[in-house]
Amino acid sequence: ACGTDDSEPAADAETTGDEQAQDGAQGGDLVIAQLSDAVSLDPHGSNDTPSSNVAYNIYESLLVTDENMELQPGLATEWEAVDDLTWQFTLREDVTFHDGSEFNADVVKANFDRILDEDIASPRSFLYEMVEEINVVDDYTIEFVTEYPFSPLPAHISHNGGGIMSAEIIEEDYAALEDGEEPGSVINQNPVGTGPFVFESWTSGEEIVLTKNEEYWGGAPALDSVTFRVVPEGATRLADLETGAVHVSDPISPSDISRVEGTDGIRVNQQPSVSLSYIGFNAEKEPFNDKLVRQALSLAIDKDQIINGIYQGIGIPAIGPLAPDVFGYDEDVSGLGYDVEEAKALLAEAGYEDGFSTTLWTNDNQDRIDIATNVQAQLQEIGVDVEIEIVEWGAYLENTAAGEHDMFILGWTTVTGDADYGMYPMFHSANFGTPGNRTFFATDELDSLLEEARQNPNQDERQELYSQAQEILVDEAPMSYIHHSEFLLGVSEDVEGLWHHPTGIMMLKDVSLNQ
Amino acid sequence: MLKFLGKRFVQMIPVLIGVTILTFSMMLLIPGDPAQIMAGESASPEQLELVRERLGLNDPIPVQYWDYLKGVLTGDLGDSIRSGRPVAEEVFGRLAPTVELAFYSTLLAVFIGLIAGVISAVRRYSVTDSVIMFGALFGLSMPNFWLGLMLIQWLVIGAGWFQASGWGTHQQMILPVITLGTAGSAIIARMTRSSMLEVIDMDYIQTARAKGVSERVVVYRHALKNAMIPVVTVVGLQFGSLLGGAVLTETVFAINGLGRLIINAIRARDFPIVQGGVLVFAFLFVFVNIIVDVLYRFLNKRISLN
Amino acid sequence: MHEEISMNTVDPKQTQQLDPNIVRFKEFWKKFYRNKSALIGLTMITILILIAIFAPYLTPYEPNAQNYDALLESPSFEHWFGTDHHGRDIFTRIIHGMGITLRVGFFSVLIGMTIGVTLGVISGYYGNWVDTIIMRLMDVLLAFPGILLALAIVSVLGGSINNVIISVAIFSIPVFARISRGSTLEVRELEYVEAARALGANDLRIIGGHILPNIMSPIIVQATLNIATSVLTASGLSFLGMGAQPPTPEWGAMLSDGRNYMWDAPHVATIPGLAIVVVVLAFNIFGDGLRDALDPKSKN
Amino acid sequence: MTEKLLQVENLKISFDTGESLTEVVSDVSFEISHGQTLGIVGESGSGKSVSARSIMQLLDKNAVVDKRSSIRFNGEEITEKSEKEMRKIRGKDIGMIFQDPMTSLNPTMKIGRQISESILIHEEVSKKEAAVRSKEIMHLVGIPDVDERYEQYPHELSGGMRQRIVIAIALACSPKLLIADEPTTALDVTIQAQILELLQEIQEKTGTSILLITHDFGVVANMCENIVVMNQGRVVEAGTTKEIFSHPKEDYTKRLLAAIPNLHEEKTAEAKAKLMKIYSGTQEKILEVNGLAKHFPLGRKATLKAVDDISFEIYRGETLGLVGESGSGKSTTGRAILRLHEPTYGETIFNGLDINKFKRRQMKNMRKKVQFVFQDPYSSLNPRKKVEDIIGEALDIHKLAKSKLKRKQRVEELLDLVGLDRSFSQRFPHEFSGGQRQRIGIARALAVEPDFIVLDEPLSALDASVQAQIVDLLEDLQRKLNLTYLFIAHDLATVKKISDRVAVMYKGNIVELSDSEELFENPVHNYTKKLLSAIPVPDPHYEATGGHISPDEEEEISIDGQKLTEIRPNHWVLQ
Ligand SMILES: Nc1ncnc2c1ncn2[C@@H]1O[C@H](COP(=O)(O)OP(=O)(O)OP(=O)(O)O)[C@@H](O)[C@H]1O
Ligand SMILES: Nc1ncnc2c1ncn2[C@@H]1O[C@H](COP(=O)(O)OP(=O)(O)OP(=O)(O)O)[C@@H](O)[C@H]1O
Ligand SMILES: [Mg+2]
Ligand SMILES: [Mg+2]
Ligand code: NI
């Protein structure tokens with residue numbers, strides 16, 4: 001069902017490339033101001049957005065997702081489930097790496113072997129932990145055998161963590177590992193992929209420069225080069241954008257929208273994301289072990305006020321955990337809504353007529369602190385006395401994983417675009433703590449629904465299972481789902497063809513600069 | 001003098017060891033695990049275990065420290081947990097902007113601070129004095145980011161004279177230097193003023209006046225030198241603290257300096273980077289303090305060096 | 001009433017019967033009282049303290065009352081200092097935040113100063129290995145990133161206001177230590193110190209009676225300035241989970257909040273900054289006056 | 001053009017002491033013609049220094065000069081001049097030697113620089129030339145080893161050297177008027193003679209007028225044509241020197257003249273008896289100094305042997321006078337004995353125990369018994385303490401006052417003893433005259449009722465009558481309490497009067513030691529002879545004979561490798 005004709009998009013890409021070459025909107029250095037520096041250009045060795053943003057242009061995955069989170073061919077032209085446990089991918093044949101080496105099934109196997117290698121301890125390995133075996137069928141066909149039936153595998157394959165790098169640097173990197181270097185140290189210095197841009201230089205903490213890949217199989221990009229520059233302060237990024245020092249400011253804050261819109265030559269680029277922000281309740285602790293209390297609190301929080309008050313209207317109010325673009329999202333599930341009276345009634349029913357006192361944790365992220373401040377005031381109205389505690393990120397992760405919290409604010413991004421990734425880690429009983437379930441909420445019913453859904457090969461049936469799961473999650477309210485944020489970029493009018501992927505990655509292949 | 005310097009450089013060793021021990025124990029004390037921070041909101045326990053094992057975080061603490069120390073002694077500061085890059089590369093890569101920024105800002109602070117302080121002291125209780133004093137307090141109380149952003153608004157966006165981010169060209173360097181220099185000059189000005197007031201009534205100032213020395217020379221040559229000890233101390237501290245990281249300014253002006261590196265490393269629990277950075281700080285600090293002590297002696301020959 | 005006191009002390013017969021300590025204090029007070037700037041400073045501080053105490057009666061709004069219909073409004077008749085990003089009245093928050101800000105600023109400086117000056121004077125006075133040990137310890141403390149220490153304190157002791165004060169105080173110890181040491185090195189060589197030694201004065205007396213009074217002036221300057229630094233540092237700590245947690249109207253935190261709205265609504269950051277300026281100004285004016293009052297040569 | 005160089009009329013100066021104005025100079029008038037020397041003598045604290053400073057317009061901030069006062073210099077009214085105009089006059093037209101040499105020198109500036117600065121301001125010369133001239137002047141005022149001293153800082157010099165530096169600064173630009181406020185108090189008589197001669201030479205050459213404030217009538221007699229006598233802020237008598245010396249009109253002047261110590265006075269029987277006891281060995285030794293030395297590092301490698309291996313003993317109840325060339329190590333000896341300077345080597349045996357081996361506790365007990373009066377009174381007083389506390393501190397330390405009231409009473413008693421007003425107890429050191437400060441130092445030393453006091457030039461800033469009063473006090477105390485003094489002074493007449501025995505120091509060594517009569521009558525060592533011959537005679541009729549040795553012909557007196565030997569009974573000489 002997912003397979004599409006391989007030749008078409010490739011042909012498209014080539015023609016567009018050619019046209020652009022003739023248009024004259026060629027060349028130029030696109031400068032992007034980013035909040036923070038990439039951590040690692042080893043696609044197996046990082047999972048932060050700045051790294052992905054850069055890596056996405058150097059490496060390619062077998063599959064990609066489009067702006068609607070639909071799977072599209074990448075380095076693989078076709079994919080199909082051979083049986084419950086086996087997925088087969090047909091690879092593109094005319095691809096070479098930046099170092100001139102050839103792309104084929106052996107390279108793909110080497111890549112996935114590396115991700116799954118325990119010595120590498122790749123932070124991406126969880127994406128493929130169900131993969132048991134990788135078989136090279138022939139030069140351009142490869143087979144993934146999973147431990148148990150796992151239907152979202154193509155979605156996981158599409159993740160940029162599955163970016164393919166040259167077999168040679170993998171070997172070099174292993175050699176360095178033998179010499180006592182950290183894994184990825186070679187790849188980091190000299191990343192080699194098949195993507196539209198070639199790594200040029202990286203000044204740690206300052207900037208990364210990529211140049212165009214003239215030999216790109218999809219046609220050379222219009223830009224000569226791309227520079228990712230680190231500008232941590234929002235106001236400064238904006239100033240840089242206004243003065244033309246950079247072309248893209250990633251991100252801008254909602255309060256800056258009016259300023260950007262009011263300035264000539266720059267515009268706002270808005271893109272709904274597949275992320276969720278939520279306030280979790282520790283379901284193992286009193287009084288949050290009581291469904292009524294959780295519901296009451298959810299009911300008492302006006303999400304619109306948060307979105308309008310804090311995000312200046314940017315973002316989509318969340319009903320359940322999944323964003324609309326994610327596969328498995330059910331628009332018919334209705335949320336608890338906002339109803340203070342109902343909330344009071346439920347609290348009374350649960351035995352807390354006079355409310356109670358509790359704490360709300362947030363990490364030191366200004367948006368989250370603002371949400372906490374707002375929620376505190378809102379909950380005051382139903383008599384719940386909330387004390388806000390800011391906890392520094394490292395401690396926050398550790399202490400929430402250990403279940404020391406009452407209520408907490410956190411987010412989640414369904415990077416694969418598939419509901420499995422959006423729900424299984426967060427709500428399955430197997431994932432208490434660090435793997436993602438920090439509300440410690442689980443029911444047997446939900447557990448089995450989520451298990452079944454990830455194994456069922458039929459997408460329609462899966463959709464149905466996820467609908468049920470969402471119903472349960474809304475009703476049980478292990479968390480108050482706040483909103484799905486929207487990415488905001490400040491972009492110069494000179495920039496054409498830029499789009500933003502719902503996972504937060506900027507797509508630069510087709511960008512051109514008018515100067 | 002040489003003996004003194006030699007002694008002080010030897011004393012640097014326990015200071016550096018002390019700093020590493022302190023940093024090390026603090027890192028152990030605070031919650032948060034680099035593996036987990038790297039993994040983010042979700043990470044399987046097995047995964048975390050693997051990373052910890054690889055990084056040696058499961059070894060007994062003394063062993064970890066000893067391993068670290070062994071590395072340092074052989075000139076290896078280790079690798080960053082996050083990026084895998086050698087710590088030395090990361091840390092020394094940021095040294096230049098930090099040192100330059102600190103140096104120029106201190107220079108500016110000393111220049112403005114001394115002049116303002118002296119004028120303030122000489123024109124004690126005058127309008128000039130009050131204006132300078134108010135300006136100084138204003139410069140000090142407004143945090144760096146406020147001043148920095150205001151300067152960006154006026155001089156980058158408004159006038160278009162400078163560049164908002166980066167470090168290297170004049171257009172990039174002037175604003176951060178002003179931003180940082182302002183707070184420093186405020187402290188120096190206040191300190192200079194008060195020290196000058198202590199000195200200006202002394203008999204030897206009268207002697208100088210009796211020679212017919214012009215008031216400027218009285219002030220700058222006779223009084224100032226005698227008033228310099230607290231000022232030099234403050235300058236040293238100022239310079240030191242700037243070396244130790246002007247995080248806010250580095251952030252506002254997107255300067256790739258040590259301060260930001262360390263803060264980010266602390267947040268990421270990137271122990272090797274923190275250790276490496278703190279070591280470099282300590283080294284710079286001790287160095288600055290040695291200079292200050294030598295200056296004491298230079299200013300007042302009665303102060304003995306040891 | 002003060003007038004009376006000052007008249008009394010002129011009469012030598014009267015003073016004879018009084019405890020010399022009282023006399024001394026009265027004289028200091030008299031001088032202090034005559035000193036305009038000290039008086040202005042003290043009055044300002046008193047007013048600030050009174051404002052802090054009576055905050056609830058002085059303000060038109062609740063400090064934490066949010067109003068999402070009036071976000072980031074510029075100063076107006078309704079909201080004298082405008083509103084912040086939760087629509088809270090900044091004037092009200094400034095007034096309510098006075099107490100905590102003063103407390104953090106004052107006590108952290110007091111503690112840091114007391115310990116720092118003690119260490120610094122001891123170090124400068126004794127020199128040699130005492131100096132070496134203390135100053136090298138201070139080097140360690142200076143080089144050590146404060147945020148690490150703060151994190152450790154939160155995780156061990158928790159994040160109360162008192163712990164913030166302790167952390168900020170610890171950061172400022174080496175500063176005071178170095179300043180007092182520098183001046184001590186200078187003063188200890190003076191002949192009147194030698195004279196005190198010739199009298200048989202012990203070290204404590206020499207330090208307390210001869211060195212400290214003569215190095216007070218840079219210490220006063222540093223202390224009064226440090227109040228600003230302390231308030232700003234403390235606000236940085238609130239993001240690590242220390243001290244005043246939102247929505248407490250602590251000035252430093254308010255100022256940091258404003259950072260996100262520098263382009264849109266600069267008043268959100270500027271006003272708390274100005275409020276800090278006022279407090280620091282009060283203490284500095286007071287400090288200058290104190291310096292003058294302690295200086296036997298100033299008579300005005 | 002007026003004939004007079006300086007005319008002071010109706011000078012009235014008050015100090016704002018906080019509550020009220022205290023008038024310290026009332027209606028003072030005097031004048032000086034070109035080339036003339038006017039002496040101002042008078043009681044300590046009578047307003048001499050204040051008047052002198054007012055001519056320079058360099059009064060303390062809290063001083064108020066009455067509107068009607070007039071000071072005319074060269075026909076121009078100084079009181080109306082702006083600071084800028086004054087600056088042109090200061091240093092160039094009027095040079096001033098301040099009374100307190102230590103605090104008058106910038107502690108962080110090299111000696112040479114402080115002198116050459118003056119030349120550089122007022123004359124267009126190169127730095128090099130200025131340096132050469134500065135060194136010349138330093139040589140003229142009798143500073144030895146000029147090249148090294150040029151690079152030193154004030155604290156490295158002896159009291160007398162500092163004073164000569166101050167003089168050199170004032171003379172640097174050959175001013176028309178030189179105001180010399182007690183310029184020779186810290187100088188031994190040879191150097192004093194040399195300086196006075198220098199002043200006269202300059203006066204002859206350039207026609208400089210001199211306003212000389214002094215307590216030393218010998219100096220007055222030698223130098224001044226006219227004198228003004230001041231008491232309690234007023235001029236009580238003025239006239240030519242001869243007239244006033246021979247026919248003083250006012251009581252105060254008479255008293256002052258009568259109090260001048262006489263070099264030829266006979267020892268009393270009592271004093272002689274004391275000497276006998278000492279010589280016969282029946283008197284116990286209180287202090288024995290054995291091979292004491294104090295060396296200072298001097299630049300690179302070189303050391304200065306300020307005190308070079310000296311030995312002597314002091315007996316209980318006696319006064320040992322210590323005289324000698326300025327810079328010969330007298331103060332250093334005193335300090336080394338008290339371990340204010342750690343001696344380089346040697347023993348100091350006090351009451352049978354070596355002080356240099358004492359621990360803290362023992363030191364403290366010792367400090368109660370041994371006191372020191374500093375040569376430089378001003379810098380030895382904590383500027384932030386009131387006199388009451390400065391003196392009271394000694395009582396506190398050794399817990400000598402039972403109650404606050406007792407302490408206060410005792411302090412007032414001590415002030416009375418040294419002739420200071422009780423109300424002064426509430427003042428700070430900078431509010432005093434030189435002589436008053438000196439007496440505060442003495443009062444502080446006496447406070448703990450010590451057994452032994454080192455008095456380093458305790459009387460140099462006092463006028464003859466107060467001096468006599470203090471000397472009486474010291475002798476009285478000695479008699480009553482069996483006190484022992486090591487009395488360092490330049491005024492040989494006083495030394496002779498007060499001392500039982502006298503030691504003469506020269507270049508870090510004791511060159512001669514004997515009882516005072518013997519020493520003054522039969523000096524043996526060349527240096528002693530030279531010293532005694534230079535004593536100025538307080539009689540204007542006694543014409544200075546020019547027998548003085550001028551600095552150029554001064555021959556070195558070698559003392560290398562010599563030993564102190566007893567050439568006559570109880571008369572030791574370095575040979
Ligand atoms: N700054 C001051 N404040 C108050 N009183 C002062 C101040 N300076 C000096 N006096 C007082 O003024 C009087 C005159 O002082 P001055 O120094 O002129 O005396 P002097 O004649 O030079 O005495 P001496 O021979 O002891 O130096 C003294 O009684 C002294 O106490
Ligand atoms: N702290 C010091 N550092 C270096 N040299 C010093 C120091 N103190 C004294 N001297 C030197 O020691 C020598 C003796 O000085 P001292 O003060 O004992 O002389 P003095 O006999 O008291 O002279 P005066 O009569 O002039 O006071 C002088 O040459 C002086 O320069
Ligand atoms: Mg005088
Ligand atoms: Mg002496
Ligand atoms: Ni994606």
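A note on names: the letters A, B, ... follow the listed sequences, proteins ahead of strands, and every chain is numbered from 1.
In this structure, chain C has heavy atoms under 4.5 Å from both the backbone and the side chain of D:D376. Both the backbone and the side chain of D:L340 have a heavy atom closer than 4.5 Å to some heavy atom of chain C. The part of D:V370 that comes within reach of chain C is its backbone (N, CA, C, O), which places non-hydrogen atoms under 4.5 angstrom from that chain. For a residue to count as touching a neighbouring chain, one of its non-hydrogen atoms must lie under 4.5 Å from one of that chain's; by this rule D:D396 touches chain C with backbone and side chain alike.
Contact annotation: the side chain of D:P383 approaches that of C:Y192 to within less than 4.5 Å [non-hydrogen atoms, C-beta and beyond]. Side-chain contact check for D:R335 versus C:E194: some heavy-atom pair is nearer than 4.5 Å.
With chain C as the partner, the residue from D:K368, D:H398, D:Q409, D:R427 showing the most heavy-atom pairs under 4.5 Å is D:H398. Ranking D:H155, D:R444, D:E393, D:R384 against chain C, the residue ahead of the rest is D:R384, based on heavy-atom pairs under 4.5 Å.
Of all non-hydrogen atoms in C:E191 and D:S379, the two that sit nearest each other are OE1-OG, 2.9 Å. In terms of heavy atoms, D:S380 sits closest to C:A195 at O-CB, 3.5 Å.
Contact residues of residues 199-220 of chain C toward chain D are C:L199, C:G200, C:A201, C:D203, C:R205, C:G209, C:H210, C:P213, C:N214 (heavy-atom distance under 4.5 Å).
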